[in-house]
Enquirer: 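This structure is in structure tokens; I'll ask about it shortly.
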Amino acid sequence: MAISTTASRATIAAVGGADSFDRRNADWYVDKAVQVLVFVCGISAIIFVLGIFVFVTKEGIGFVFQHLDFKEFFLTPYWFPSDADDPEYGILALMAGTASVTGLAMLVAIPFSLGAAIYIAEFATGKTREALKVLVELLAAIPSVVWGFIGLVIMNPLIIKWFDVPVGLCVLNAGIILGLMAAPIMTSIAEDALKAVPDRYREAAEAMGATRWQVTYKVVLPAAKNGLLGGVLLGVGRGFGETMAVLMATGHAVNIPDSIFDSVRALTATIAAELGETVVGGEHYQVLFTIGILLFLVTFIVNLSADLIVRGIRKG
Amino acid sequence: MTVAQAAALLQPAPDYAIDTKKLNLWYGTFQALYDVDLRIRQGMITSMIGPSGCGKSTYLRSVNRINERLGYVRIEGRIDVMGQNIYDPGVELIQVRKQVGMVFQRPNPLPISIRDNILFSHRLHAKGGGDVHPGTPDEIVEESLRTVLLWDKVKDRLKRKATELSLEEQQKLCIARLLPVKPKVLLMDEPCSALDPKGTEAVEELLWELRGQYTILIVTHNMAQARRASEECVFMLMGKVVEHALTAEMFVTPIHRETADYIEGRYG
Ligand SMILES: Nc1ncnc2c1ncn2[C@@H]1O[C@H](COP(=O)(O)OP(=O)(O)OP(=O)(O)O)[C@@H](O)[C@H]1O
Ligand SMILES: [Mg+2]
């Protein structure tokens, strides 16, 4: 009995073996095909980024080598690109515009997003928490032209009325709008950073008698500080690269601001507004692409360091 | 001072550090503890044994009221710690947690320096003017670490992160950081289960050192440990206390069938 069972099992194994060999073969091809497909999709992101970078560089690099006077470009505020006789390409005022708006935006966004993230991650429970998370995601999905519209139609008259200034399209307006735009994504990232702090730290501190708030600021915030910093940097990157809303809310005037009520112009908005009027391949066209290279590099560096910090490669 | 507090002062120091009366506990709709009556003697080491899921951790966590952070826990009955009902509405949670220190199964030092870990709870409670170690921070750190036999090993790296220590050292640190606020009761939930035999032995030795000064209630799955490291033993089953006796007696002549079965390894 025992022998015959073994024998019949052996036969089945032999037959089944041949059968499953074929099937494995088919699976193997599918598997390979999927692998190749996924690989192509995966590296396509890299290819696109590189492609864009090469394109932008190609269009802008001519100016860098032929006409660029570094001192004039970075250190003078005179931006008269369409002057027929003597065009001037100084981006100092544009950089000041971008920097002032982004800086103010961070002043608005950091307390907002940090507070929201702390509330969502550490204090809210159950339905409130879920509802808030959905709301934050909704806010993050509002198109930037809508924010620009709010700046133009709502903030502008309010600023004129409250502060008694002639124009409400200014650093303050754009800073607030940009801050509100950057806050949701910063909130999400900060919340992730807080949630990544293991619960046993909270439990340990609470078991020793710490209140929720003490747990938050003595234990959770220090433990999450890398992630929080990364979130702020991503917010900076967002503010830096944002175009539409700042185009609409800054007033778009080339100007080094003295106060938050001055109109300014951002680097991104300049490209958006002027590129359509330029002669392809002309000097003005090239200079706009040079600004593009600059934006690309800065955003790349900011995002990369944000990423490194979030991963905790850099400690301290 | 409330009447209850005055009464507590007049009474002689209770023999029992923890006096539990008809404690019932629910997680949502699931009842985890049934009518637990349990009196833990002061200054002794009491071990708590029982199969997985019988409610040992649940009981321990309700003596520190840390269960409440879950939000869906409901409790009936009372637990008197040093003569005062910790579930009395007038009682301050912070004070309960100062009196009753807790050591968890997985060592959980905070991700800050060794020194700051020791001073963490002291800093929380010193402001309240309660009875805490009166020394300077340096003295407190040294004394606490000496008590848990860790001082010589870590005295040169007090500024290093506590999470870099070995598990055994982390667990000792977790015990040490409770001491500066002079707790009366130390609850330990399987404090050795993440440690190797050598670490286990070291922590057990430490428990014997602390005996007398502190009332220690320790949960363990290790019969040998319960037997050698405790004076009294509690056996729990399905959310109820089945037997509570001197350890020496329980392991030789258990009264209940279930206790005997469990001790001899027939279930759990
Ligand atoms: N947070 C919780 N939410 C819901 N039910 C819980 C929770 N914690 C424990 N329980 C349940 O309560 C019962 C007792 O759990 P408890 O953790 O106290 O057991 P235990 O005796 O400590 O077990 P172990 O030896 O495995 O640690 C178990 O049935 C468990 O499933
Ligand atoms: Mg347990």
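Each chain gets a letter, A, B and so on, in the order the sequences are listed, and its residues count up from 1.
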Enquirer: Heavy atoms only, distances under 4.5 angstrom: which of B:Lys98, B:Met102, B:Gln95, B:Arg61 has the most pairs with chain A? Name it, please.
Expert: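 Of the candidates given, the most pairs with chain A belong to B:Arg61.
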
Enquirer: When rounded to the nearest 0.5 angstrom, what is the spacing between OG1 in A:Thr211 and CZ in B:Arg97?
Expert: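 Here the interatomic distance stands at 10.0 Å.
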
Enquirer: Can you list every pair that meets salt bridge (charged side-chain N to carboxylate O under 4.0 Å, His left out) and has a residue in residues 187-198 of chain A, with sequence neighbours left out?
Expert: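 For residues 187-198 of chain A, and leaving out neighbouring residues, the salt bridge (charged side-chain N to carboxylate O under 4.0 Å, His left out) pairs sorted by first residue read A:Lys133-A:Glu191, A:Glu191-A:Lys195.
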
Enquirer: With a 4.5 Å heavy-atom cut-off (strictly below), which parts of residues 202-209 of chain A touch chain B? List them by number.
Expert: A:Arg202, A:Glu203, A:Ala204, A:Ala205, A:Glu206, A:Ala207, A:Met208, A:Gly209

Enquirer: Heavy-atom count around B:Arg74 CZ within 6.0 Å, excluding the residue itself: above 12?
Expert: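 Correct, the count exceeds 12.
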
Enquirer: Go through B:Pro111, B:Ser121, B:Pro109 and name the one with the most non-hydrogen pairs under 4.5 angstrom from chain A.
Expert: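 Looking at each of B:Pro111, B:Ser121, B:Pro109 in turn, B:Pro111 comes out on top.
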
Enquirer: Give every residue pair that meets the salt bridge (charged side-chain N to carboxylate O under 4.0 Å, His left out) criterion with at least one member in residues 174-185 of chain B, sequence neighbours excluded.
Expert: B:Asp131-B:Lys182

Enquirer: Side chain, backbone, both or neither: which part of B:Pro183 has an atom under 4.5 Å from a heavy atom of chain A?
Expert: neither

Enquirer: Using heavy-atom distances under 4.5 Å, tell me whether B:Leu187 contacts chain A through its side chain, its backbone, both, or neither.
Expert: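 Neither part; nothing is under 4.5 Å.
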
Enquirer: Is the CZ atom of A:Phe123 crowded by more than 12 outside heavy atoms at less than 6.0 Å?
Expert: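 Yes, because the 6.0 Å sphere around CZ of A:Phe123 holds more than 12 heavy atoms from other groups.
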
Enquirer: Above 12 or not: heavy atoms from other molecules or residues under 6.0 Å from CZ of A:Phe112?
Expert: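 No, the 6.0 Å shell around CZ holds no more than 12 heavy atoms from other groups.
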
Enquirer: Set out, in order, the CA-CA distance, both residues' side-chain angles and the distance that settles salt bridge (charged side-chain N to carboxylate O under 4.0 Å, His left out) for A:Lys218 and B:Asp116, then state yes or no.
Expert: CA-CA 11 Å; A:Lys218 288 189 177 206; B:Asp116 288 338; over 6 Å; no

Enquirer: Which residues in residues 230-239 of chain A have a heavy atom less than 4.5 Å from any heavy atom of chain B?
Expert: none

Enquirer: Non-hydrogen atoms of chain A under 4.5 Å away: do they reach the side chain of B:Arg65, the backbone, both or neither?
Expert: neither

Enquirer: Looking at side-chain heavy atoms only, is the closest gap between B:Ile112 and A:Tyr201 below 4.5 Å?
Expert: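 No, too far: nothing below the 4.5 Å cut-off.
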
Enquirer: Look at atom CZ of A:Phe149 and say whether more than 12 heavy atoms of other residues, nucleotides or ligands are closer to it than 6.0 Å.
Expert: no

Enquirer: Identify which part of B:Asn64 has an atom lying under 4.5 Å from any heavy atom of chain A, answering side chain, backbone, both or neither.
Expert: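 Contact with chain A involves the side chain of B:Asn64 alone.
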
Enquirer: For atom CD1 of A:Ile185, is the number of surrounding heavy atoms from other residues, nucleotides or ligands below 6.0 Å larger than 12?
Expert: no

Enquirer: Top residue by heavy-atom pair count (under 4.5 Å) with chain A, among B:Val181, B:Asn108, B:Ile94?
Expert: B:Asn108

Enquirer: For B:Leu93, is it the side chain, the backbone, both, or neither that has a heavy atom closer than 4.5 Å to a heavy atom of chain A?
Expert: neither

Enquirer: More than 12 heavy atoms of other residues, nucleotides or ligands under 6.0 Å from CZ of B:Arg123: is that the case?
Expert: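 Buried by this count: over 12 neighbours within 6.0 Å.
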
